[in-house]
Structure formats: structure tokens, C-alpha cells
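A, B, ... follow the sequence lines: proteins, then strands. Residue 1 opens every chain.
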Amino acid sequence: MRRILGLLVLALGLAWAQGDKLKACFIYVGPIGDAGWTYAHDQGRKKAEAALPWLETRYVESVPEAQALPVIDRFVREGCQVIFATSFGYMEAVLEGGKKYPNVIFAHATGIKRAPNVATYMADFYQVYYLNGLAAGALSKTGKVGYVAAFPIPEVKRHINAFTLGVRAVNPKAQVLVRWINAWYDPAKAREATEALLAQGADVFAFTEDTPTVIQTAAKKGAYSFGHYTPMLKFAPDHVVSGQIVHWEVIYIDFLKKVKEGVYTAKNLENVDYFWLLQHKAVEMGADYGVPINPKHVPLLQKAEMTVGGKKVSVYDRIMALLKDMQSPKPTFDPFTGPIQDRKGVVRIPAGKKATLQELLTMEWAAPGVVGDWPGEPK
Amino acid sequence: MRWELDPSPSLWKVFLAYSLFVALALLLLGLLFLLYGVSPLKAYGLLLSPLGDSLGLAEVGRRTIPLLLIGAGLALAFRVGFFNIGAEGQLLMGAVGGAYVALFLPPGPWTLPLMFLLGGGLGAVWSGLAAWLRVRFGANEILTTLMQNYLVYYLVVYLVAGPWKGQMVFGFLYTDRFPPEAQLPRLGDTLVHWPTLLLGIAAALGLQLLLFRTPLGFEWRILGENPQAARYLGLKGGRLILLAALLSGFLAGLAGVGEVAGIHLRLLEPAQISLGYGFTAILVAWLARGRPLWVLFTAPLLGLILAGGDALKLALSMPFRVVDVVAGLLLLSLIGAEALSQRRLIWRR
Amino acid sequence: MEEALLRAVLFGTPILLASLGALLSERGGVVNLGVEGMMALSALAAFAAALEAGPVWGVLCGVGVGSLLGLFLGVFAVFLRANQFVAGLALAALGLGASGLLGKRYEGTPLPDPLPEGVLAGLALILALGLHLLLSRTRYGLYLRSVGENPKAADLFGVSVDGVRYLALALGGGMIGLAGAYLSLAYRPSWTDGMTSGLGWVAIALVILAGWQPLRAVLGAYFFGLLFFLQFRLQGSVPIPSEAFAAMPYLLVILVLALSGRARAPRALGQPFDRGR
């Protein structure tokens, strides 16, 4: 009898422990793969799970947009209390799911529409791209910097523009040659686009797509490059200068803690929007974790000079100073501070003004120095 | 010892062959699941789980709709000897046609019929082009239809990134949402857009009648089985092929309209629209053995494999490739079983 | 211009190798639609072996796995006499799927010592020439062609139809395996799920475009490689949308096909051979 009671207590205890766990479920748009967007989200999920003992996570990869709602149905049925949807394309499904399941908490990455139980979040790189642009401008001998880009959407355009503003701040005559590959993942296209840019004289490379192909290709010809999304130093230790690294776990841990503590409920998320940058430690500038600039390239950048407010400073010092500023709780510098004209000469950000969040999220224009096709360019 | 064709296999032999191969496939799958650290029994259960609840059935249904339409058309096309690999592209053309009507023509009660008409029409034009190239220039349609898939892929990217990009989409690659008049009704709160489902069933029935109950169908069957005989009989092979191609393209176009008007409610990045239905439907058509009516059974079967694979990857957090493995193994077992059951072993030379 | 030609050759090489492999078995009457999956699995095998034991083992392993997969297709296409088209499509799905599942642990690891592309490109060219000679000058070539054109007659002359086909599938599979190895050891020295990105289908198309002739396949592969490169080289320098450039290679393939007219397929292509029939 005692044994049975003991078992009963144990079972109850287990059930309690189970019930006490918070179940967060992730919907990924692509395969996890080895680099890029979904991989980074999955890293964030793993780190959050490791950091929060009361957290239980589940995920499903490669969910097409049309299937997001059925997946939400399943997740809710399996007891998910928080659902993270990691692609813009899930917006309608998330909002519909939010209505259907008013007690479940949703968070939508890159989203722009919220509801009482739907928050939005994003870790954005534009500041880091600007800093990398400074380095790229200093390192390019030909004055031509290559940029391999996935799809012409505002996020990618914002990053190309920030990068180009950086390049031009060091070398006002430099060009950023952009090639669209119209795919998030296609190693063959990324490779040949890089080759095409190399053939046109580009000697430094940045990119927005989900593979390290650009880095590997550029390194073969001795060209510098900047990693994207995850640390890519290992793919070309002599040629990766720096890069953009994301820390989704920073947002996930913050969000889930607040859910656990009852700060966030399914009723008060209407105004919860994370647009987290360097100052929130949601993104990092680096060739690898904790390596802002590859030590092999530091001397080159120290030697290179640029003009800031009429004074000559070393590019390295400028990068480090701005990085420190933008990492501080109250940054004073922002790459998208006016006056900024687009490449057609239209004033996009007036003098003394900073781009608003809305302007950042819907950026369609091309910065001066961007060379190449630009679908959706405003007239 | 050698194999020989068995003209009239007994029923129990057919049954035995299928059981053997399906068991073999399940065994291999089970091994794979074990290697992956998952109980095979649990995995099989999940694979069939869509049959057990309304959510799952809705998922099977949603996937069945385009497979039904395309599969019926392909069953006809293959039977006539037009190897249309381009249903994927014809589906996208249908989506383009439907989106044009929905976005740029004044909305009204005529919107949905017009969408189906134009979408199906563009799909037909797209497959008809391949048929014309074959009849006129002898260009192999497997190749031309495959290449056409890529062409329309980029056409859709161009449209959603350029001239058709929506005003309300914050720069992302979508058109605006279709007006209510251009949205298909759905079954309850599922994604099953039933008018397209009815069209699919009608297509399967209609093509079956056309193929087996009309003079045109008789000519089609002769052409498919024996092109030489067809020539002696004075049949106009080119026209017959063109007609079959147009019909299969038209149905794939309808499927495309169904996807955008019933599920997405907008035109979007092409890889998100079609999910490979055009390729899966090839298998639907093959399993149907050139009988459009059988598609009513084979399309839900493939729909179940797709939905079951999804349940598997979701419940066990397995990589999405598990769907491919399941589909590949089951298909191999089905064709293996079919081949085996139609043969017998002879113990002499 | 030099770069464009170089890219034509270096990007054309994996397509060439894969289409030579498919061409070989098709000349013997067996359609191989499983190329994409075979390439994916052998690319993974090559990468894993290269990482553990060095690039030479990588190449051998890729070729070996390709051959085995060719024979696996043979079990269905030759032994069971099943529908070759569907067997190939199923193999493509299975290969892609299995490589994705098995390759998880290799993702994200760069290959320390990649193979030079030029060497493999040269090898591919030699293989194309060799295949041409094999088909036109050797006894096996004669058998293979006769089996592809008229297996019944070949059988009457004492040629082992099944044996010839198995050998063609194994050799062709090896070439497809080499194409996979080229991708994961040289072209983009690392392994990721889906890294074949549809090249297998292009290779199958190329067999038809080349009219089942190995030397024409060389031209076709390089032509496609050139167009693929040019879409990026010319993008932005002329006022044409980038999507139009991306579509260009496929449009030109259709045009060439329409202009070059009727290429004749091996007569027994895709038909299982039954002696009793």
C-alpha cells in the first residue's frame, strides 16, 4: 500500500513538474541547415532552453506559409503555451491563430501587426552593417565592393543601404555592386554571383543569404568578406574580416522570463515590440563570438584613415568608437541620420533627423553608391 | 531460372507481393527511425494519425485538392503519350491568371468564375506551347515543360517584386490581399476550399467519361497505346496531343487558382504557392494507371503521405526531409510490388 | 570574357558529369530520373569520407556510393522490371531525404583541404571523350547501343541484356557520384542539405538536349554554365529586370531545342525487357 502511495506521489510530482514547465514552440520557415536565419533561431532556442530550467521547447522546420495555421492548430493541441513564428510570411496565420486561441501567447519575428496576445520581435543588423561597411571601404583597393543579396525586401535593402553608407563614409567614390539571386538558399547561384562580382573587380564582399558560399568563393581569390548571421570565421580564417552575428536567445530569454513572471500575458501584448539592436546585445559585430575584427586585419584598418568632422582618424578607431557608442545604453550615433539622399538625389532623411522605425521597416530606396538592379525602387 | 511475364496474376499473389513490399518498406523505415532514436511503432502511428482527427483530415483534404485536379489531367496526358512534367509551372500560370482577375478587374459575382477561366486558360496556353513545340518542331516535351517551370517561377518573382507588388505589404514580396469577391469559401475553419474540391472530382469523372465513352477518347487511347497504328488509321496525332495537353494544363491552372483564391488570398513568392504539387501529381497520375477516375483514390493517398509526414516532423521534431524518405520508400515498395505481382519465376531455361 | 569561359567550364562540370552518367544508362535503355537524389547522397558520402580520411577517399567514396545507387535503381528497373520513371522519381526523393537526415552532423563544417576544380573538370572532359569512344569503338559500346535500341535482337545474338544494363547503371552511377563529390569537395567544399539545388534535373534535361551524344553533352553543359554565370555578370548593367536574366538560361534551352529539331532517343528507352514477350 505504501509503495502504491509512494508511486502515486511520485506520479503526481512528475505531473506537477510537467505542468510547471513552460512549453514554447517554434515555427521555422526553412531547414535548420548550417548557417543563416533558421539556424540562428534554432541556436537561440537551444540556448534559451539551456538557460531556463523551467522551459520546454519544440520546433518544426520548413513550414510553408500556407501551412502555418494547421501547424499552430497542432501545437496548441499539444499544449504549447507560447508560439514563436519566425517569418514575415506567417503574419496572417499568426493573427488568425491569435484570434482562434486567445489564451495562447504568440510572438512573430519581423512582424508589424500585433494583437492582445500577439507580440512582434526583431534583432536588426543595420548598425553592424554600417560598421562593416566602414571596414569594407577601407579594405577595398579597387573601390568596388560586392554584395550578394537574396530577395529585394525592405530588410535586405536596409542592410545594403547601411553597409553602403559605411563604405562611402570611408571612400566617397566607392561603389557597392549588388547582385540579386532571388533565393534564400541556393549555393550555386551564390557562387556564380560572387564569381561575376569578382570578374567585375570587386575585392571585398558582404551578403544576405543563408550559406557561407560567398565567403568560401571570395577567399579562393584572396578577397575579404564579412560573415552573416552566424560566426563564419572558420570558413576562411584569413579572409573573414568581421560580420553580423545574431543572438536570438537574448530576446527569447527576456520574453519567456516575462511570460513566466506574469509580466506578459495573453491580454497585454498589443504594444510589445522588440526591435533590438547592438545596445540590447541582440546582435554582435564579429568574425566570431567575441572577436569584433579578425586580429589579422586590425593593422590594415589601423593604417587606413577617414575624415570625420574635418579630422583624420583611423578607420579602426572609428569603428571601435561607434561600436562602443551603439552598445551603450544611450547611443548617440545612428547610421540613418540625415541628411541622406537616395541614389537618385531625392532627400530621404532630412538633416538632423533619424529614420523612424516605420521608415526603417519599409525602406525601399537605394543609397548613393549602390550599383545594380533594384526592384521596387521608388520613382 | 528466370522471370517471365505473368499475364493473369492470381489475386492472392498480388496481395502477397504488395504485403511483402510494404512490409519491407515499413521495416526499412522502422530501422531508420530506430537509428534516429524514435520508436518505429510511434512513428507509424503518427504517419497514419491524420486519418484519426478532423484537423488531420482537413490537412489531407487540403493537399488532395490540387493533386486531384492536376493528377486527373496528367493521367490523361500520360495515357495519350504527352509527358507533361510542367504541371508545377502550369499551376503557377493559373495562379497568375487568377491573381490578375482578382486584383485588376472590377470585383463582382463574376470574379471567381472569371479567375478560374483565365487561370485555367493561362495554364492551358503554357502546356499548349510545349505541345505545339513538340508537334511543330519535335522538341521533347519533358524538357520544354521542365524548362517552362523555371520561366514562370521567375515571372511570378518579377510580378510580386515589381509591377504587382502590393501597397499594403511593407515592401515584402506579395500582392495586396484579394477582395472578398475573389476568395473561395472554405469548409468550417479549415483550409479546405470546397468549390475547387468539387471541380477536382468533376474533372476526374469528366475525363474518365471522355476517355472511355466518346470517340475522341477512343482515338486518344489508340494514339497512346500504338502511335503507329494511329497513323495507319489516319488519326491526326498532333491535334489529339495538343488537345490532351491543353486539357491537362487547364486543370493545373485551375489548381493554381484554387491555391491562391482558397488559401493564400494573394500572389506571393512562387516556392510558397505550389509546394511541389505538380511533381507529386505525376505520382498520383502514375498510380492511377491512366484512368482519371482512379485519381479519386490515389490523390488522397499521396495527400495522406504528405500530411502524415508533416505530423511526423512536427510531433517528433524531425527534419523535414523525413517526408521525402517516407514518400520515396513507399513509392519504391508500391512499384516493386506491382512489378513483382505481374511476373512469375520459371525454374527452367 | 576569360572569366566567363572559365565559369562555363567549372560550373558546367558537375552538370556534365551527372548528365554523362544518365546518358550512359539511357543509351542502354534505362531512364534515370534519380540523378538529383544520387548526387545528394554521394556528395554527402564524399564529404564524410574526405573529412575522415582525405579527399582521395572522398572521391572514391562518392563514386562508390553513386555506383551502388545506380545498381539499386537497377534492382527495380532491370531485375523487377518496374516502371523506370517512377522508380527514378522515388529514388530522387529517397536520396535527397536520406542525405538530409544522415548529413545533419556534417553541416556547418568546412572541408580543410578542398580539391582543385580544374583537375576534376579535366577528368570530366576525359570521361566525356572516353564515353564517346566507349560507345562508338568498343564491343561493350556496341552491346550497349543494341540493348538500348533493340534488346530482343541483342538477346538473340547472345548479349546479356540485364548484365549490360547493370554495368551501365553502375558506371553511370559512378559518374553521377563524381558529380556529387565535385560539389561537396571542390565547388563548395562543405556539406549542406539541398546543396545540389536542382542541378540533377538540369543534367537530365541536358541528356535530351545533347541528343544522347557525350560530346554534345560537353557543349551543352558548358553552354548552360555560361548562361548561368552571365545572368549575374550582366545583371544590372543593362536595363532589364534581374528576373529576366535569371530565366534566360532556361528560355535559351527551349529555343535551342526547338531549332535543333528531333533528337532521336534510344528506341527501347524506358521499356523493361522481358525475354518472353
Side-chain angles (χ1 to χ4, degrees), chain A residues 30-36 39 43 61-62 146-149 151-152 175 177-201 210-217 219-221 230-237 240 370-376, chain C residues 1-8 10-12 14-15 43 100-101 103-112 114 116-117 183-184 186-199 202 225-247 249:
Chain A
I32 291 170
D34 63 351
Y39 178 79
Q43 291 290 310
E61 65 171 15
S62 288
Y147 199 115
V148 176
F151 281 106
Q175 294 180 326
L177 312 178
V178 178
R179 289 292 173 276
W180 303 101
I181 60 173
N182 287 314
W184 287 111
Y185 175 85
D186 192 323
K189 284 181 184 166
R191 168 84 197 261
E192 299 307 322
T194 312
E195 295 282 357
L197 289 166
L198 281 166
Q200 277 169 280
D210 280 353
T211 73
T213 310
V214 174
I215 286 179
Q216 289 177 308
T217 310
K220 266 191 199 173
K221 299 270 168 69
T230 41
M232 291 188 171
L233 185 63
K234 61 182 172 184
F235 286 98
V240 173
V370 172
V371 176
D373 192 29
W374 195 266
Chain C
M1 203 57 221
E2 276 162 49
E3 292 104 356
L5 291 179
L6 189 66
R7 290 322 305 162
L10 293 184
F11 182 60
I15 305 171
L101 289 189
K104 274 278 160 231
R105 73 171 95 163
Y106 292 105
E107 285 186 327
T109 317
L111 189 67
E117 288 169 307
L183 288 181
S184 66
Y187 186 71
R188 195 207 148 203
S190 48
W191 157 260
T192 328
D193 186 10
M195 67 181 295
T196 46
S197 53
L199 294 184
V202 175
L226 180 70
L227 292 177
F228 198 86
F229 172 79
L230 283 182
Q231 65 165 305
F232 297 112
R233 181 68 182 80
L234 299 179
Q235 190 192 103
S237 49
V238 252
I240 295 175
S242 57
E243 295 89 357
F245 272 112

The interface call for A/Y185 against chain C, heavy-atom contacts under 4.5 Å, is side chain
Working to the nearest 0.5 angstrom, can you tell me the gap between C/D193 CG and A/E61 CD?
8.0 Å
So how far is it from C/Q231 CD to A/I181 CD1, rounded to the nearest 0.5 Å?
10.0 Å
Report which part of C/E3 has an atom under 4.5 Å of a heavy atom belonging to chain A: side chain, backbone, both, or neither.
side chain
Minimum heavy-atom separation for A/A199 and C/F229, please, with both atom names.
CB-CZ, 4.3 Å
Part of A/K220 lying under 4.5 Å from any heavy atom of chain C
side chain
Please evaluate residues C/F11 and A/E195 with respect to the criterion side-chain contact (heavy atoms from CB on, under 4.5 Å), reporting the C-alpha separation (whole Å), side-chain torsions for both, the decisive distance (0.1 Å), and the verdict.
CA-CA 11 Å; C/F11 182 60; A/E195 295 282 357; over 6 Å; no
Which portion of C/P112 sits near chain A, non-hydrogen atoms under 4.5 angstrom:
neither
Residues which pass side-chain hydrogen bond (donor to acceptor under 3.5 Å, both in side chains) with C/E243, listed by chain and number, not counting sequence neighbours
none
Is there side-chain contact between C/F232 and A/R191, with heavy atoms separated by less than 4.5 Å?
no
Heavy-atom pairs under 4.5 Å with chain A - which of C/E107, C/K104, C/R7 has more of them than the others?
C/R7
With heavy-atom distances below 4.5 Å as the criterion, would you say the side chains of A/P187 and C/S197 are in contact?
yes
Using a 4.5 angstrom heavy-atom cutoff, name the option from C/W191, C/Y187, C/Y106 with the most pairs to chain A.
C/Y187
Please report the interatomic distance CZ(A/F235) to CG(C/L111), rounded to the nearest 0.5 Å.
11.0 Å
C/R188 CZ to A/Q216 CD distance, which is reported to the nearest 0.5 Å
5.5 Å
Can you say whether A/V148 sits under 4.5 Å from chain C via the side chain, the backbone, both, or neither, judging by heavy atoms?
neither
Toward chain C, the part of A/P212 with a non-hydrogen atom under 4.5 Å
both
CZ/C/R233 to CD/A/Q200 distance, rounded to the nearest 0.5 angstrom?
4.0 Å
Among A/A193, A/G372, A/P31, residue most engaged with chain C (heavy-atom pairs, under 4.5 Å):
A/A193
Please state whether the side chain, the backbone, both or neither of A/A35 comes within less than 4.5 Å of a heavy atom of chain C.
neither
How far does CD of C/Q235 sit from CG of A/L177, to the nearest 0.5 angstrom?
11.0 Å
